[in-house]
Protein chains: 2
Amino acid sequence: MKLTSKGRYAVMALVDLARFNNINPVSLRDISLRQGISLDYLEQIFSKLRKKEIVQSVRGTQGGYILNRKAKEIKLTNIFDAVDEKVKTVQCKKDSKKGCNGRSTKCLTHNLWDELENHINNFFEEKSLEDLIKDNIERRV
Amino acid sequence: MKLTSKGRYAVMALVDLARFNNINPVSLRDISLRQGISLDYLEQIFSKLRKKEIVQSVRGTQGGYILNRKAKEIKLTNIFDAVDEKVKTVQCKKDSKKGCNGRSTKCLTHNLWDELENHINNFFEEKSLEDLIKDNIERRV
DNA sequence: TAGATACTTGACTATTTTAGTCAGGTTTAT
DNA sequence: ATAAACCTGACTAAAATAGTCAAGTATCTA
Ligand code: FES
Ligand code: FES
């Protein structure tokens, strides 16, 4: 069970962005340098964040990205959803009544995997970008 | 973030085994058939479970595996640990003070990833094999 | 208006991980 | 003796990951 870099980078980048968001758009180049993430990779990530309306882009010199909603209203769920970092505890389709490997019924432990998935998703639904920034400032004091 | 088949199979197989555990050893062939898991793959998995003393093997005809501890004392943590299904939310070493990609400090969101890892591991530490079997019986009633 | 900055898009690829398979053993009950 | 079942190590196809690369377009500033 691991979190992918794509998901981790997306959150890192947005926290970085949110901290400088007040005044000007933040360029990916700056985020890339500050956070040590490949610029080209960031571009892929922000393309998805923009499509899901989490950020807005400002083109041209002095351009960059700004948050499209208040930090409080951006939950981890939204970010992970945007970059396709989904929690998957099973292989079978959720809506189908069939089990894994095309078996006719769900497995003995199916309930457990659903619980696990919910448990993890709850965490993502509770945390907002704002929480992360606050947490960060507090720890520095 | 996905759970691998290896981890899922390990738990499925142990629940199956635990249900028939009272009387005789349970053969992997039976588990394979009942749960639809490749026999060869199960053998790899049980080799690890045996090394971590979660199960005991009985060789020869009529042989198989039995639980090596009470179902109540086998937590999901133990199972996942045995088959190397670890929760990893970061790439950098936990004990090192260095960050990811060999950076000199930990990242802005590091605290978050630690929290997430704990959140997930808590779930695994709470659930025992016994819980799973009970849950299963209840749902069938 | 030339040039620089920065977003935009799509294709491509090396590496790693996953989910097994396969081939050959050894042990033991009947 | 033979069959059932455990045991071990090596191998591999397919998928996922973590990027890179190339070729744009838009906008600001000198
Ligand atoms: S995990 Fe797919 S059937 Fe339960
Ligand atoms: S995740 Fe590695 S430095 Fe924070």
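Residue numbers begin at 1 in each chain, while the letters A, B, ... track the order of the sequences. For the numbers below, each heavy atom of this structure counts, side chains included, while hydrogens, waters and symmetry mates do not.
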Response to the item:
So ring-ring contact (aromatic ring centres under 6.0 Å, His included) across residues 67-108 of chain A, not counting sequence neighbours, yields Phe80(A)-Phe124(A)
Need one value for [X]: base, sugar-phosphate or nothing, where a base atom within 4.0 Å counts as base even if backbone is also close, heavy atoms only.
| X | value |
| --- | --- |
| Lys2(B) | sugar-phosphate |
| Phe46(A) | nothing |
| Val55(B) | nothing |

Counting only side-chain nitrogens and oxygens, does [X] get under 4.0 Å of the OP1 or OP2 atom of [N]?
| X | N | value |
| --- | --- | --- |
| Tyr9(A) | dT17(D) | no |
| Ser5(A) | dA18(D) | yes |
| Ser38(A) | dA18(D) | no |
| Thr61(B) | dT27(C) | no |
| Arg50(A) | dC7(C) | no |

If you only use heavy atoms from C-beta on, which nucleotide in [options] is closest to the side chain of [X]?
| X | options | answer |
| --- | --- | --- |
| Gln91(B) | dA18(D), dA6(C), dT28(C) | dA18(D) |
| Tyr41(B) | dT21(C), dT26(C), dT8(D) | dT21(C) |
| Leu28(A) | dC7(C), dA10(D), dC6(D) | dC7(C) |

To the nearest angstrom, how far is [X] atom [atom1] from [N] atom [atom2]?
| X | N | atom1 | atom2 | result |
| --- | --- | --- | --- | --- |
| Leu17(A) | dA6(C) | CG | C1' | 14 Å |
| Gln44(A) | dA16(D) | CD | C1' | 14 Å |
| Arg59(B) | dT2(D) | CZ | P | 20 Å |
| Glu43(B) | dG20(C) | CD | P | 15 Å |
| Leu3(A) | dT17(C) | CG | P | 15 Å |
| Lys6(A) | dT20(D) | NZ | C1' | 15 Å |
| Lys88(B) | dA18(D) | NZ | P | 11 Å |
| Leu42(A) | dA18(D) | CG | P | 14 Å |

Worksheet item: So how far is it from Leu42(B) CG to Ile37(B) CD1, rounded to the nearest 0.5 Å?
Response: 5.0 Å
Worksheet item: Between atom CG of Leu129(B) and atom CD1 of Ile74(B), what is the distance when rounded to the nearest 0.5 Å?
Response: 5.0 Å
Worksheet item: On DNA chain C, nearest-nucleotide positions of Asp40(A) versus Met1(A): which is more 5'?
Response: Asp40(A)
Worksheet item: Is Asp114(A) reaching over with its side chain to a backbone N or O of Asn111(A), donor-acceptor style, under 3.5 angstrom?
Response: no
Item to complete: Keeping the roles fixed (side chain from Ser57(B), backbone from Arg59(B)), state whether a donor-acceptor pair exists under 3.5 Å.
Response: no
